[in-house]
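Here's the structure we're looking at; comments come further down.
The model shown is predicted, which means the values in this text are computed figures rather than measured ones.
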Amino acid sequence: MSATAQDVEQKITSNDMVVFQSNWCPFCQQAVSALRSQGFDPLVIEVDADMKAALAEKCGSGSVPKVFVKGQFIGGCNDGGLGGTLPLLANGKIAEMMKS
């Protein structure tokens, strides 16, 4: 495992909620804004090329956002992982995950 992959893994495992994003990405901004509007305070990390590569290896794609809750990849803004940030906020799954 590369140093970057280890750093990504450490961030995921040591924080309840992590969003890997790019500032220029509207889906990233939407996901972070939606989480904050529901009272969550995710650790937001601006990705570089090495982090994107490590996330691609871990999750199967290099796109952002990549959102993790309690160490589990929940998806991007609208899809992926367990279904995506917005759908999982709407159905209460993220709130449920954060209580455990």
Side-chain angles (χ1 to χ4, degrees):
M1 186 180 286
S2 72
T4 301
Q6 288 175 347
D7 186 44
V8 165
E9 197 62 40
Q10 186 273 332
K11 296 275 192 263
I12 293 167
T13 57
S14 62
N15 293 280
D16 286 342
M17 184 178 288
V18 183
V19 179
F20 292 92
Q21 70 150 22
S22 292
N23 279 332
W24 53 264
C25 168
F27 293 108
C28 298
Q29 294 166 7
Q30 188 176 3
V32 170
S33 176
L35 289 166
R36 288 181 174 153
S37 75
Q38 295 288 319
F40 299 110
D41 186 25
L43 172 64
V44 178
I45 299 171
E46 186 72 14
V47 297
D48 60 22
D50 291 338
M51 277 188 179
K52 280 182 102 170
L55 288 164
E57 193 170 303
K58 181 173 183 62
C59 303
S61 82
S63 63
V64 288
K66 291 278 189 276
V67 183
F68 293 83
V69 174
K70 297 285 188 168
Q72 213 172 356
F73 175 52
I74 65 159
C77 185
N78 299 301
D79 56 16
L82 296 178
T85 302
L86 299 184
L88 294 175
L89 277 171
N91 72 14
K93 180 69 175 167
I94 290 174
E96 182 184 307
M97 292 173 76
M98 288 296 286
K99 288 178 186 169
S100 62

Heavy-atom side-chain proximity of L35 to V67 below 4.5 angstrom: yes
Heavy-atom side-chain contact between Q72 and V69 under 4.5 Å: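 No, side chains not in contact.
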Determine the minimum heavy-atom distance between [X] and [Y], stating which atoms define it.
| X | Y | answer |
| --- | --- | --- |
| V64 | C25 | O-SG, 3.8 Å |
| A31 | C77 | N-SG, 4.0 Å |
| E46 | S22 | OE2-CA, 3.3 Å |
| P65 | C28 | N-SG, 3.4 Å |

Going hydrophobic residue to hydrophobic residue with side-chain gaps under 4.5 angstrom, can you get from [X] over to [Y]?
| X | Y | answer |
| --- | --- | --- |
| M51 | L43 | yes |
| I74 | V19 | yes |
| I12 | M17 | no |

Quick one: pull up [atom1] in [X] and [atom2] in [Y] and give me the separation to the nearest 0.5 Å.
| X | Y | atom1 | atom2 | result |
| --- | --- | --- | --- | --- |
| Q30 | N78 | CD | CG | 6.0 Å |
| L82 | N91 | CG | CG | 10.0 Å |
| I45 | Q21 | CD1 | CD | 9.5 Å |
| I94 | L88 | CD1 | CG | 5.0 Å |

Salt bridge (Lys or Arg N to Asp or Glu O under 4.0 Å) against D50, all qualifying residues, sequence neighbours excluded: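 Checked D50 against salt bridge (Lys or Arg N to Asp or Glu O under 4.0 Å); zero matches.
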Suppose we screen for side chain to side chain contact (heavy atoms under 4.5 Å, CB included). Which residues come up paired with [X], at least two apart in sequence or across chains?
| X | value |
| --- | --- |
| E96 | K93 |
| D79 | none |
| T13 | E9 |
| Q38 | F40, L89 |

Non-neighbouring partners of F73 that pass ring-ring contact (aromatic ring centres under 6.0 Å, His included), sequence neighbours left out: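 By the ring-ring contact (aromatic ring centres under 6.0 Å, His included) rule, F73 matches F68.
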Under the side-chain hydrogen bond (donor to acceptor under 3.5 Å, both in side chains) test, residues paired with S61 that sit two or more places apart: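 Applying side-chain hydrogen bond (donor to acceptor under 3.5 Å, both in side chains) to S61 gives S63, K66.
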Counterpart residues, side-chain hydrogen bond (donor to acceptor under 3.5 Å, both in side chains), relative to S14 (two or more places apart):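 Applying side-chain hydrogen bond (donor to acceptor under 3.5 Å, both in side chains) to S14 gives Q10.
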Pairwise salt bridge (Lys or Arg N to Asp or Glu O under 4.0 Å) hits with a residue in residues 10-27, at least two apart: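 Pairs touching residues 10-27 that pass the test: D7-K11, D16-K70.
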Side chain to side chain contact (heavy atoms under 4.5 Å, CB included) assessment of E57 paired with V8: CA-CA 11 Å; E57 193 170 303; V8 165; over 6 Å; no
